[in-house]
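Here is the structure we will look at.
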There are 4 protein chains.
Amino acid sequence: MILQLEPNLTEAQRKAILEQISAVKYKTTPVKTQYGDYLIGIGKGDFDIRRLGHLPGIKDIHVVSDTYMLVSRKWKVAPTVIDLGDGVTVGEGSLAIMSGPCSIETEAQIEGMVAHLKENHVRIMRGGVFKPRSSPYAFRGLGIEGLKLFHRICRQNGIKIITEVMQVSQVDEMLPYVDVFQVGARNTQNFNLLDALGKVDKPVLIKRGLSGTIDELLQSAEYVFSGGNERIMLCERGIRTYETASRNTLDLNAVPILKEKSHLPVVVDPSHGIGIRDFIEPMALAAVMAGADGVIYEAHATPEEAASDGAQTLNFPESAELIRKLRLAYQLRKGW
Amino acid sequence: MILQLEPNLTEAQRKAILEQISAVKYKTTPVKTQYGDYLIGIGKGDFDIRRLGHLPGIKDIHVVSDTYMLVSRKWKVAPTVIDLGDGVTVGEGSLAIMSGPCSIETEAQIEGMVAHLKENHVRIMRGGVFKPRSSPYAFRGLGIEGLKLFHRICRQNGIKIITEVMQVSQVDEMLPYVDVFQVGARNTQNFNLLDALGKVDKPVLIKRGLSGTIDELLQSAEYVFSGGNERIMLCERGIRTYETASRNTLDLNAVPILKEKSHLPVVVDPSHGIGIRDFIEPMALAAVMAGADGVIYEAHATPEEAASDGAQTLNFPESAELIRKLRLAYQLRKGW
Amino acid sequence: MILQLEPNLTEAQRKAILEQISAVKYKTTPVKTQYGDYLIGIGKGDFDIRRLGHLPGIKDIHVVSDTYMLVSRKWKVAPTVIDLGDGVTVGEGSLAIMSGPCSIETEAQIEGMVAHLKENHVRIMRGGVFKPRSSPYAFRGLGIEGLKLFHRICRQNGIKIITEVMQVSQVDEMLPYVDVFQVGARNTQNFNLLDALGKVDKPVLIKRGLSGTIDELLQSAEYVFSGGNERIMLCERGIRTYETASRNTLDLNAVPILKEKSHLPVVVDPSHGIGIRDFIEPMALAAVMAGADGVIYEAHATPEEAASDGAQTLNFPESAELIRKLRLAYQLRKGW
Amino acid sequence: MILQLEPNLTEAQRKAILEQISAVKYKTTPVKTQYGDYLIGIGKGDFDIRRLGHLPGIKDIHVVSDTYMLVSRKWKVAPTVIDLGDGVTVGEGSLAIMSGPCSIETEAQIEGMVAHLKENHVRIMRGGVFKPRSSPYAFRGLGIEGLKLFHRICRQNGIKIITEVMQVSQVDEMLPYVDVFQVGARNTQNFNLLDALGKVDKPVLIKRGLSGTIDELLQSAEYVFSGGNERIMLCERGIRTYETASRNTLDLNAVPILKEKSHLPVVVDPSHGIGIRDFIEPMALAAVMAGADGVIYEAHATPEEAASDGAQTLNFPESAELIRKLRLAYQLRKGW
């Protein structure tokens, strides 16, 4: 059960509401976000909402029985659009394109990429500075200094930054330099990290776990929302199956299913979703047709020389061609 | 190794070729199809094809090292287009739409469906008369009498028929009444059935196994081709994964991968691939963008009353809308 | 709903029973097996069994709501023990050991294997003569002539035969020469084959599908039982997962779950279940501890030279050692 | 490549070694653990170890080509035995039994459990105080205060503690109160946490990821070892598959495979591995037969009232019975 509270709720009103709820042995969790003040009520048995409906201080009540609530479309039907500032938004009404290298490497690399994005009117650049690697001996990214460099060049050029955060202790140091925090597939159920991202006022993109279910992704988003941050994007990036012909199995079924279950924007990552450079384009276009609000993919001036993920990274001509087609496909979908 | 033989090959020439091959301990399998005469050579170690190249009777030699050969694009680069007659084709250059009920039920049902297809200029109707059911107590289809009825009405209206064959003994009795034999997901590795379908001169559509790999699908197609039948379509219909929010996980990655590995047309079945009526449309459109040569989906005048699969079946207005959009999406893709 | 009928049921009694059932719109399927006469009733809504209980001709009524019924322990609590004759049984009370090569190859091979089995007091030999192969160019077994040879040598030595049947047309020709028909993992849902095996009076071992669920395995067994054959063994042989360090993932969880859900004996195949020769022994022993009624594994005088599956086949000393340990483990379990 | 260095290595010797290695463009990572001083060398191309073999300061050189090295049995053949003090060890030569509730709840609960363990001569108690929960609204454990209570009672009774650590910031505060840090299935690839656990001198048990491969588990262990901590146990706890009849699919294949690939002890968790109380016993016994060095399972005085995981938790009589059988099974295996 979600109770939306009035902004000017008094303490006496809050107390009266809590009393009514505890009378039926429901447990409550207060949630305060950038945009609202909520009470989540969880309990067994049905609840007669007429017990609450007349109380002052309550704006609206929604009975939502899923394992996730605040991210559900059952209480918030209108799609969430996330404003990154300077006219850049993610969500219904436009197609968000996010492109960039797997890893941030050098100043020249960032500048080249930024020039490519500007030329193609793309406003969001991806790039990792903290890299989760299965081997402890592999390159782990440039770290916070790389992020500062990344930030300086993007700010000069009006480009927004999305980059991965791997642990709680990085959140504060990264905060001034990111526009969207990305939670990687290995951290989808790093609940402490999700808690911490609930406390910041920057958008968060959560990737589906390596073998995460759609419901688990929504529950992870519920962590961030209930922690206080409503600005969340969901990202399908392929799941682990028995099939070895592709790096992962891109589950585009997840796109319409997530769009129906949740009001949050859905982004697709075809680079990790198929993992084969030549097929990034068809899968990105398929994602648009499946209903995605955005696409995030890897691009690099010289994929062969990229520090990581070169085999699934587009070069600039391929990237420009993809951007052109993505927009045509999105226009077709929008104008059916 | 594939040897394409001259149509007028003499026995003496054949003998000379076989001798050269057996000299290097390669095992040969002769393959004779509607369109050609081949020798498949399998052996260990490299083979110096100059030993054969000069021999009369050989049209071409291809070294193909995969577990499948004749269906590989490594020897036949041009895409295969399958002609069903009367101007109906499946493969490169057009988008094949196949639509119809899960099960053939009544004369009225067939007539209604045929009218719907004609109205929308669709030329291929699907419909099952032999139904594989996990429970022995479930409806198993109308059988051969249903197929005769199905055939009579379709013939009168210029509609081609695709329907599932479940076992070897059905092949002959069904032959006069089908335009495309469909091999279901549970029979993808029913090798005796594949052998039998290699002997008939009707096209075959092979669905990917419930948890079949892309390579296994191609090997199953190799059975049909090496049995003598080159007219094969491959069909992605979703695989079994841990995700339960959809009936299967539609693996659209398989589309560009199959198109690169094989010269055979690739068809996608979004009905089984997601299993949720409301999302058939986005997944069908995504399939087109991923590069599919055709789409096969379930439609019924009144899905709620269908004998099977109602929950993933479109009604006629939904079907008409899907057809319209499929063609727009295909035009966009074709004209990039 | 399962109705067990009296053996001397009159036609009038049958009619009266059917009338009562059809009065509540339940659909019935008559089942006649080696051991009994049943009526399966399926319908919506609850059924008041008092409507039937008083009717003459009914021995017992069981309400079983699963998708499988006759194989369920909900109506037959006592475990089924299958008698292969000559004192050889499979099921509760003993541990069945089935051993032999993947493929039957030569007379000498069979004789060597039979000698090994006799020396170790094993009474059931496995060996394939019809081999399902993913490639059409691979060795497909010796066929019916191989089976006759296999049969002659085993009969002379008191050894029972279990061997795979791949298609309906083989059932009759194989019937005189087999003691147990094996349905392979690719045919678990070959419903026509299951139907045909319901008509014969020889036991059937059904392997779980490549990615079959436990419920699907039970439903496949239901096909055979409802076809008329009660003598069925279930076989866990590993499922397909993302893990590639083993050939399949042996799902020993299936053993106690199947034993609780069904009265049928459960056999485990560690050879296909892990696919690595060195680890067949620990997995076979684990199967016994998990509660298996039998173990089926591959053995060969010289695994390196076996026509197929050599990498997962034990040689005779390894096999003898395994048999010794299997019996010790089973004794421990039996005597807890 | 692993170089074991002499304990009294001089700086000049180290420099000489590094120079030889960098001459062939290998990258080195120094590793210093409780027990030794190592250099890990990674590079392309073969390395002639004779370039190094004669240099003073080198104790031994091992060429190990896997993605994991220090945890590999290719370098350290003898199994690792971990000493928890007071005569409690985990590894070859004994069967470690770890038992206790999912969550630490109350003082009385801990005392009851401890009494049960002492009665059955079990020396290691499990119990969570930080609980990873998919829903943000679920009980998350008693936290550090619960751990202190847990520790006080166990210390008084000679019981060792294994408990889950969820994030880097908890490592230091938990350190004085734990005997084994447990890394949960959702944190197997939380690389920052693994790094931090490499720095402490307490053993670590790493659970296999929800859908982690065997190789990934070994790579995660490599993180801890290369961080400086050699005292690592690996834990199989079931993987995610399409099968829903059990909570997870316990992959006992992993036991012999891990034992062959690595020198680290392997523990099995049947509680999460099957998730059904009645079947914990057979799966735990199967784990012993498969070669496990230990078993960790959930027990509670009154599972029905447990704060979490009640459906897979044994009561004390069931637990006592399991312990008795585990020891008999282990004795049988040891004495084959």
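Values below: all heavy atoms of this structure, side chains included; hydrogens, waters and symmetry mates excluded. We name chains A, B, ... by the order of the sequence lines, and we start the count at 1 in each one. Please read all numbers here as calculations on a predicted model, not as lab measurements.
Aromatic ring pairs are classed by plane angle as parallel below 30°, tilted from 30° to 60° and perpendicular above 60°; the pair Trp75(D) and His263(D) is perpendicular.
Neither the backbone nor the side chain of Ala287(D) comes within contact range of chain C; no heavy atoms are under 4.5 Å apart. With a threshold of 4.5 angstrom between heavy atoms, Arg324(C) approaches chain D through side-chain atoms but not through N, CA, C or O. Of the atoms belonging to Leu332(C), it is side-chain heavy atoms, and not backbone ones, that fall under 4.5 Å from chain D. Both the backbone and the side chain of Thr249(D) come within contact range of chain C, each with at least one heavy atom under 4.5 Å from a heavy atom of that chain. The contact between Arg208(D) and chain C is made entirely by side chain atoms (from C-beta outward), counting heavy-atom distances below 4.5 Å. When heavy atoms are compared at a cutoff of 4.5 Å, Glu321(C) does not approach chain D at all.
Although no hydrogens or angles enter the test, the distance criterion places a donor-acceptor pair under 3.5 Å between the side chain of Glu222(C) and the main chain of Leu70(C).
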Quick one: do Thr80(D) and Lys76(D) satisfy side chain to side chain donor-acceptor pair (under 3.5 Å)? Show the steps, please. CA-CA 9 Å; Thr80(D) 290; Lys76(D) 182 171 180 295; 2.8 Å; yes
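In this model, a donor atom of one side chain and an acceptor atom of the other lie less than 3.5 Å apart for Asp309(D) and His272(D).
Annotation: side chain of Val183(D) is not in contact with side chain of Asn190(D) (no heavy-atom distance under 4.5 Å). The side-chain heavy atoms of Val268(D) and Ile296(D), taken from C-beta on, include no pair separated by under 4.5 Å. The closest side-chain heavy-atom distance from Arg73(D) to Leu258(D) is not below 4.5 Å.
Between chain C and the options Ile257(D), Val288(D), Leu328(D), Leu250(D), heavy-atom pairs under 4.5 Å are most frequent for Ile257(D). When each of Thr244(D), Ile239(D), Asn248(D) is checked for heavy-atom pairs under 4.5 Å with chain C, Ile239(D) comes out on top. Here Ser211(D) is the residue among Ser246(D), Ser211(D), Gly291(D), Ala245(D) with the most heavy-atom pairs under 4.5 Å with chain C.
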